[in-house]
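If you're wondering where the values come from, they're calculated on a predicted model, not measured in any experiment.
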Amino acid sequence: MLLDQIKGVNDIKDIDPSNYKELAQEIRDFLIEKISHTGGHLGSNLGAVELTMALHLSLNLPEDKLIWDVGHQSYTHKLLTGRKDGFDSLRKFGGMSGFPKRKESECDCFDTGHSSTSISAGLGLVKARDIQGGTNTVVSVIGDGSLTGGMAYEALNNAAKLETNFIIVLNDNNMSISENVGGMSKYLNNVRTADAYLNIKEGIYNTLKEIPRGEKVVKGIRKAKSSFKQLVVPGMLFEDMGITYLGPVDGHNIPAMLRVFQEAKRTRNAVIVHVITQKGKGFAPAERHPARFHGAEPFDIETGLPAKPRTTANYTDIFSTVMTKLGARDEKVVAITAAMLDGTGLKRFRNMYPERLFDVGIAEEHAVTFAAGLAAGGLKPVVAIYSSFLQRAYDQILHDVCMQKLPVVFAIDRAGLVGSDGETHQGVFDLSYLSSIPDMCIMAPKNKWELSDMMKFAISLGAPVAIRYPRGEAYAGLKEYRAPIEMGKSELLCAQGEICLMALGSMVKVSEKVKELLNEAGYKCSIINARFAKPIDLEAVEWAVRNHKLVVTMEENVASGGYGEKVRDAVDDFKAPAKVLQIAVPDRYVEHGSVDQLMQEIGMDAVSIVDKIVKEMESAK
């Protein structure tokens, strides 16, 4: 196999060009086989195989720098830099990351995981190169979906002032995770389909080649073709900004890309190379359903169907159902997503109420302030965004929503540990960054019924509200406990013994197992379903510390600034003798692996928690 000949960086340059097509097929076959077992980002990687090969052939890594925006399309890059053996442990605990990691290879020059960052990072690397007198090439790859993010425009605005080489590769597959939206998508679609430009260009070039000295004329035209493009390509947005535009070029034609990359390296300013690719190329199920194969679970190669079909509803499903019901009951309920229509469960809402669903693209900051405007206009907006991505909109939540006390509901999916996507996607900071904001109410449901009840309560409240819920199966236990939701009030599930577990959200399920294990160890305990991270239930805290020797707070969030820290502060105010044990995510970034493995690794599984509790109780004797 040709792929076996690639054992390290730049080995691809030893492959005969006549074998590039065969190598590309081997890479696709390899990725499909491996990801069918491990899961991962398949569609984006299949679409970027030839593009990655062309970049590696054009560059001299690691001296040259290659930055992948988001990074979920970097699997071929990992293969071509000698990490083939790592794919058996891809995204597994202790194994290879699904994203570029500087500590994993010197060919990964910048860690990524969130979108729209590669141009800014690349610009920084360019300036660092120039200040230190370097001559290496810097390339930032960005997708058309990521180009909907405002940060990309801020970077382009600064890149336009460069008087030194900087290559930006626009990997254009007309898809982010959901279908692209907005003006940039429309503009790029016009460029892709500018047949008049492409046909005239090819016609002129082919005719000139037939006449004496025609080749020299063609070369001259190519050098000066910017003005020609200005006449026939709509807008020429990038050229108008002062950035050289090359393309569009077929992203599955390696010779064509090699030629344009060589041309790009000769420019003395920022240059965009517009490459057209097909997401999921070479695997029919991924070509037909690109969104489904963005982040795929293990699947059957023959059918493309999940290896283990999901049989129970997850929290995203519950949110999807309750949103459609809320939309039916109240015409003022509207929904906003940031290019995550499927991922957040809003597709059903869009299908039923298309005029009330707004997909703003990968633009979380805009999504939040847009929602604030909708609320100021008399509507009831629900903003559905993953916990890790909502971090980008902290200022907008603080300044535009909460400062004005506007009734915006934040449906925060993937809160807590998310598993295989790793440290860039773990949603373990939202309680901390949201609870620092005045007038913000924060809730977390113990099970699927409570999520439904909390959504209804949030819509009726008429104030800023955040509801955080985890990835994965929605807990169906504790159905018999469904006390009405009251502002800032927790729910007592059982009262006995010298230990009180005050658990928030997903940790209520864990607290049941902790109680069972404590009983086996000879200890009895009370359980409080906290419900609210802000405002906390001070009456419940006082009851807990005055009636128990040990109060244990449990949350799937970092300890600093979290729920447990607020309970500890309250306990100090009560001057009660009870001790407080805070169970929370440690003050560090949590890498990839299954959620169960990660919970054990950080000491938040039931067994580890019981060990800590027993140790505290014994030390108090």
Inset, instruction - Establish, from distance only, whether the side-chain atoms of Ser44 and His294 form a donor-acceptor pair under 3.5 Å. - result: no

Inset, instruction - Test Glu33 against Arg28 for salt bridge (charged side-chain N to carboxylate O under 4.0 Å, His left out), laying out the working first. - result: CA-CA 9 Å; Glu33 168 65 24; Arg28 284 194 169 88; over 6 Å; no

Legend entry - Distance-only donor-acceptor check, side chains Ser105 and Asp108, under 3.5 Å: no

Inset, instruction - Using the side chain to side chain contact (heavy atoms under 4.5 Å, CB included) rule, pick out the option among Ile6, Asp11, Val9 that qualifies with Thr81. - result: Val9

Inset, instruction - With Phe261 as reference, evaluate Leu246, Val169, Val271 under the side chain to side chain contact (heavy atoms under 4.5 Å, CB included) test and give the passing residue. - result: Val169

Inset, instruction - Find out whether Arg471 and Asn314 are in side-chain contact, i.e. whether some heavy atom of one side chain is under 4.5 Å from a heavy atom of the other. - result: no

Inset, instruction - State whether the side chain of Asn45 and the backbone N or O of Tyr75 hold a donor-acceptor pair below 3.5 Å, judged by distance alone. - result: yes

Legend entry - Donor-acceptor contact below 3.5 Å, side chain Asp64 vs main chain Asn60: yes

Legend entry - Minimum heavy-atom distance between Ala264 and Asn165, given as atom pair plus value: O-ND2, 2.9 Å

Legend entry - Shortest non-hydrogen separation from Trp68 to Ser118 and the atoms involved: C-CB, 4.3 Å

Inset, instruction - Using a 4.5 Å cut-off on heavy atoms from C-beta on, say whether the side chain of Ile119 contacts that of Leu156. - result: yes

Legend entry - Donor on one side chain, acceptor on other, Arg414 and Thr316, under 3.5 Å: yes

Inset, instruction - Indicate whether the side chain of Asp29 and that of Gln25 have a donor and an acceptor atom separated by less than 3.5 Å. - result: yes

Legend entry - Expected output: side-chain Gln73 to main-chain Gly71 donor-acceptor under 3.5 Å: yes

Legend entry - Test item: side-chain donor near acceptor, Asp69 and Ser116, under 3.5 Å: no

Legend entry - Carboxylate-amine/guanidinium proximity below 4.0 Å for Lys127 and Glu163: no

Inset, instruction - Begin from the C-alpha positions of Ser388 and His114 and carry the test side-chain hydrogen bond (donor to acceptor under 3.5 Å, both in side chains) through to its verdict. - result: CA-CA 9 Å; Ser388 179; His114 289 189; 2.8 Å; yes

Legend entry - SB check Glu50 Lys21 (cutoff 4.0 Å): no

Legend entry - Heavy-atom pair of closest approach, residues Ala128 and Gln132: O-NE2, 3.0 Å

Inset, instruction - For the pair His37 (side chain) and Pro298 (backbone), establish whether a donor and an acceptor sit closer than 3.5 Å, ignoring hydrogens and angles. - result: no

Inset, instruction - With side chain to side chain contact (heavy atoms under 4.5 Å, CB included) as the test, would you mind laying out the steps for Leu23 and Leu3 before giving the verdict? - result: CA-CA 6 Å; Leu23 176 59; Leu3 190 53; 4.3 Å; yes

Inset, instruction - Inspect the surroundings of CZ in Phe370 and state if more than 12 heavy atoms from other residues, nucleotides or ligands are less than 6.0 Å away. - result: yes

Legend entry - Step-by-step salt bridge (charged side-chain N to carboxylate O under 4.0 Å, His left out) determination, Glu423 to Lys101: CA-CA 11 Å; Glu423 55 194 344; Lys101 290 287 179 224; 3.2 Å; yes

Legend entry - Other residues, nucleotides, ligands: >12 heavy atoms within 6.0 Å of Lys265 NZ: yes

Inset, instruction - Check whether any side-chain heavy atom of Phe299 sits under 4.5 Å from a side-chain heavy atom of Leu42, and report yes or no. - result: yes

Inset, instruction - Please report the closest heavy-atom contact between Ile272 and Phe238, naming both atoms and the distance. - result: CD1-CD2, 3.3 Å

Inset, instruction - With the side chain counted from C-beta on, respond yes when Cys109 and Leu125 share a heavy-atom pair under 4.5 Å apart, and no when they do not. - result: yes

Legend entry - Test item: Ile12 and Asn10 side chains (from C-beta on) under 4.5 Å apart, heavy atoms: no

Inset, instruction - Could you give me the CA-CA distance, side-chain angles and deciding distance for Lys84 and Asp4, then say whether salt bridge (charged side-chain N to carboxylate O under 4.0 Å, His left out) is met? - result: CA-CA 9 Å; Lys84 180 171 176 282; Asp4 291 337; 3.4 Å; yes

Legend entry - No-hydrogen, no-angle side-chain donor-acceptor test under 3.5 Å, Asp413 and Thr344: no

Inset, instruction - Working to the nearest 0.5 Å, report the span between CD1 of Ile385 and CG of Asp430. - result: 12.0 Å

Legend entry - Side-chain donor-acceptor pair present, Asp172, His274, cut-off under 3.5 Å: yes

Inset, instruction - Please name all residues satisfying ring-ring contact (aromatic ring centres under 6.0 Å, His included) with His56, sequence neighbours left out, ordered by chain then number. - result: His77

Inset, instruction - Decide yes or no for Phe87 and Leu79: does some side-chain heavy atom of the first lie under 4.5 Å from some side-chain heavy atom of the second? - result: yes

Legend entry - Matching residue for His425 among Tyr386, Tyr589, Phe389 - test: ring-ring contact (aromatic ring centres under 6.0 Å, His included): Phe389

Legend entry - CA sep, side-chain torsions, deciding dist, call: Val408, Val368, side chain to side chain contact (heavy atoms under 4.5 Å, CB included): CA-CA 9 Å; Val408 177; Val368 172; 6.0 Å; no

Inset, instruction - Report, as yes or no, whether the 6.0 Å neighbourhood of atom CD on Glu302 holds more than 12 heavy atoms from other residues, nucleotides or ligands. - result: no

Inset, instruction - May I ask you to check whether over 12 heavy atoms, not counting those of Asn351, lie within 6.0 Å of atom CG? - result: yes

Legend entry - Heavy-atom closest pair, residues Leu123 and Asn158: CD2-CB, 3.6 Å

Inset, instruction - Determine whether Ile32 and Ile301 make a side-chain contact, defined as any pair of heavy atoms from C-beta on separated by less than 4.5 Å. - result: yes

Legend entry - Spatial distance of atom CD1 (Ile336) from atom CZ (Phe358) [nearest 0.5 Å]: 7.0 Å

Legend entry - Ile142 side chain near Ile168 side chain, heavy-atom distance below 4.5 Å: yes

Inset, instruction - Report yes or no: does Ser320 contribute a side-chain atom to a donor-acceptor pair with the main-chain N or O of Gly345 at less than 3.5 Å? - result: yes

Legend entry - Asp421 and its side-chain hydrogen bond (donor to acceptor under 3.5 Å, both in side chains) partner, picked from His72, Gln426, Arg91: Arg91

Inset, instruction - Using distance alone, with no hydrogens and no angle criterion, decide if Thr337 and Asp359 have a side-chain donor and acceptor under 3.5 Å apart. - result: no

Legend entry - Side-chain H-bond candidate by donor/acceptor type, Thr164 with Arg129, under 3.5 Å: yes

Inset, instruction - Indicate, with yes or no, if the rings of Phe99 and His592 have centres closer together than 6.0 Å. - result: no

Inset, instruction - Would you name the heavy atoms of Leu46 and Lys281 that are closest together and state the gap between them? - result: CB-O, 3.4 Å

Inset, instruction - Say whether, by atom type as modelled, one donor and one acceptor occur between the side chain of Ser120 and the main chain of Ala155 under 3.5 angstrom. - result: no

Legend entry - Separation of Leu147 CG from Asn171 CG (nearest 0.5 Å): 11.5 Å

Legend entry - More than 12 heavy atoms of other groups within 6.0 Å of His399 NE2: no

Inset, instruction - Please lay out, stage by stage, how Glu287 and Lys279 fare under the test salt bridge (charged side-chain N to carboxylate O under 4.0 Å, His left out). - result: CA-CA 6 Å; Glu287 291 178 359; Lys279 197 166 189 176; over 6 Å; no

Inset, instruction - Decide if the gap between the ring center of Phe429 and the ring center of Tyr433 is smaller than 6.0 angstrom. - result: no

